[in-house]
Undergrad: 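What follows is a structure written as structure tokens; I'll ask about it next.
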Protein chains: 2
Amino acid sequence: MATKTAVDADLAGALVQTMHVLQDLYAETSRPLGLTPQQAHLLCVLLGGPLGMTELSRILSIERSSLTSMVDRLERRDLVARIPDPKDRRACQIELTTAGLQQAHEAHDAFTQRIEALTADLSSTARRTLATTLTGIVARA
Amino acid sequence: MATKTAVDADLAGALVQTMHVLQDLYAETSRPLGLTPQQAHLLCVLLGGPLGMTELSRILSIERSSLTSMVDRLERRDLVARIPDPKDRRACQIELTTAGLQQAHEAHDAFTQRIEALTADLSSTARRTLATTLTGIVARA
DNA sequence: TATTGTTATACTCTATAACTATA
DNA sequence: TATAGTTATAGAGTATAACAATA
């Protein structure tokens, strides 16, 4: 029916627009920290603990070869380190250095703060509802 | 207070995760069409009508010089055309070609379909609430 | 003088294919 | 044979700085 289609179109459009707003915010926030959005993402993922290249590439949705060069650049800047895996001599674990941990926290805090500012005028209920709905969407993806 | 902080953190995290999910979906959907996500975005923006380089760069949040090379590549593929602006001989309008219009529609429809699939199990009310909330966030940005 | 768009340059991001070392 | 990660290569996205043409 016409109404449902219109609502769906609005919702898809609203989600895409929100994505672009958040992408811009993410880029604007990363830049002053001297990080690209992709680098910030990588560092923040590592806040959860060290990861192997294959697992990290899966989480970031990039090829392992692309990740190799990203890690190279971050390792040169002493933000991450490759740690040999004692269980498997082919593998390594990527972990945050002290400086990398600090950068990751700064980036994470800055993102959170910017997003909170964007959602500051929502009611507690609206905030809770939004978080729940989005979490469901993420889980479904 | 502790509760509010926790909810806010969840919301910010949910928004960031949603952004990443949508980015991945956007990339996966663009690729089989032979487009990068940025190219798809550009083409979809032009569905609203021709735009000058400065305006388009503002909408896409990239520098004009970056846009020049993007438009070069799309023009080589006959997806967009540079039309001289009769009012201002410095300026040009970027417009979709017939092929570009078709590609833009295909991309737009594919995104919409994928996102609808992701939100298919939400109730009409939840869908409406989400669209309204997100539209407000976008407007505030 | 200010603005529009381009050029030149340098990085970063990314994928594909082929490779090495280990399992 | 299969898997972990790297190398080589190529193309795309991006910013900065300097520029030409026009307003």
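Note: hydrogens, waters and symmetry copies are ignored here, and every other heavy atom, side chains too, is used. Quick note on labels: first sequence line is chain A, next is B, and so on, each numbered from 1.
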Undergrad: Would you check if the distance from the ring center of A/His41 to the ring center of A/Phe111 is below 6.0 Å?
TA: no
Undergrad: Under 3.5 Å, is there an N or O donor on one side and an acceptor on the other linking the side chain of A/Ser66 and the base of C/dA15?
TA: yes
Undergrad: Between atom CD1 in B/Ile62 and atom C1' in C/dC13, what is the gap in whole Å?
TA: 15 Å
Undergrad: Kindly point out which of D/dA17, C/dT22, D/dT22 is positioned nearest to the side chain of B/Asp88?
TA: D/dT22
Undergrad: Just compare D/dT22, C/dA23, D/dT6 and give me whichever is closest to any side-chain atom of A/Arg89.
TA: C/dA23
Undergrad: What integer distance in Å separates B/Arg77:CZ from D/dG11:P?
TA: 13 Å
Undergrad: When the distance from CG of A/Leu42 to C1' of C/dC13 is rounded to whole Å, what number comes out?
TA: 12 Å
Undergrad: Taking CD1 from B/Ile83 and P from C/dT4, how many angstroms apart are they, rounded to a whole number?
TA: 19 Å
Undergrad: Taking atom types as they are modelled, would you say the side chain of A/Ser65 forms a donor-acceptor pair with the base of C/dT16 within the 3.5 Å cutoff?
TA: yes
Undergrad: From the set D/dG13, C/dT12, C/dT16, return the single nucleotide nearest to any side-chain atom of A/Gln39.
TA: C/dT12
Undergrad: Of the candidate nucleotides C/dG5, D/dG13, D/dT6, which contains the atom at the shortest distance from the side chain of A/Arg82?
TA: D/dT6
Undergrad: Enter the distance from A/Ile62:CD1 to A/Leu67:CG here, rounded to the nearest 0.5 Å.
TA: 4.5 Å
Undergrad: Side chain of B/Arg90 only, please: which of C/dA15, C/dT6, C/dA2 is the nearest?
TA: C/dA2
Undergrad: At less than 3.5 Å, do the side-chain atoms of A/Thr54 and the base atoms of D/dT3 form a donor-acceptor pair?
TA: no
Undergrad: Could you check how far CZ of A/Arg73 sits from P of D/dT7, rounded to whole Å?
TA: 13 Å
Undergrad: Rounding to an integer number of Å, can you tell me how far A/Arg64 CZ sits from C/dA18 P?
TA: 15 Å
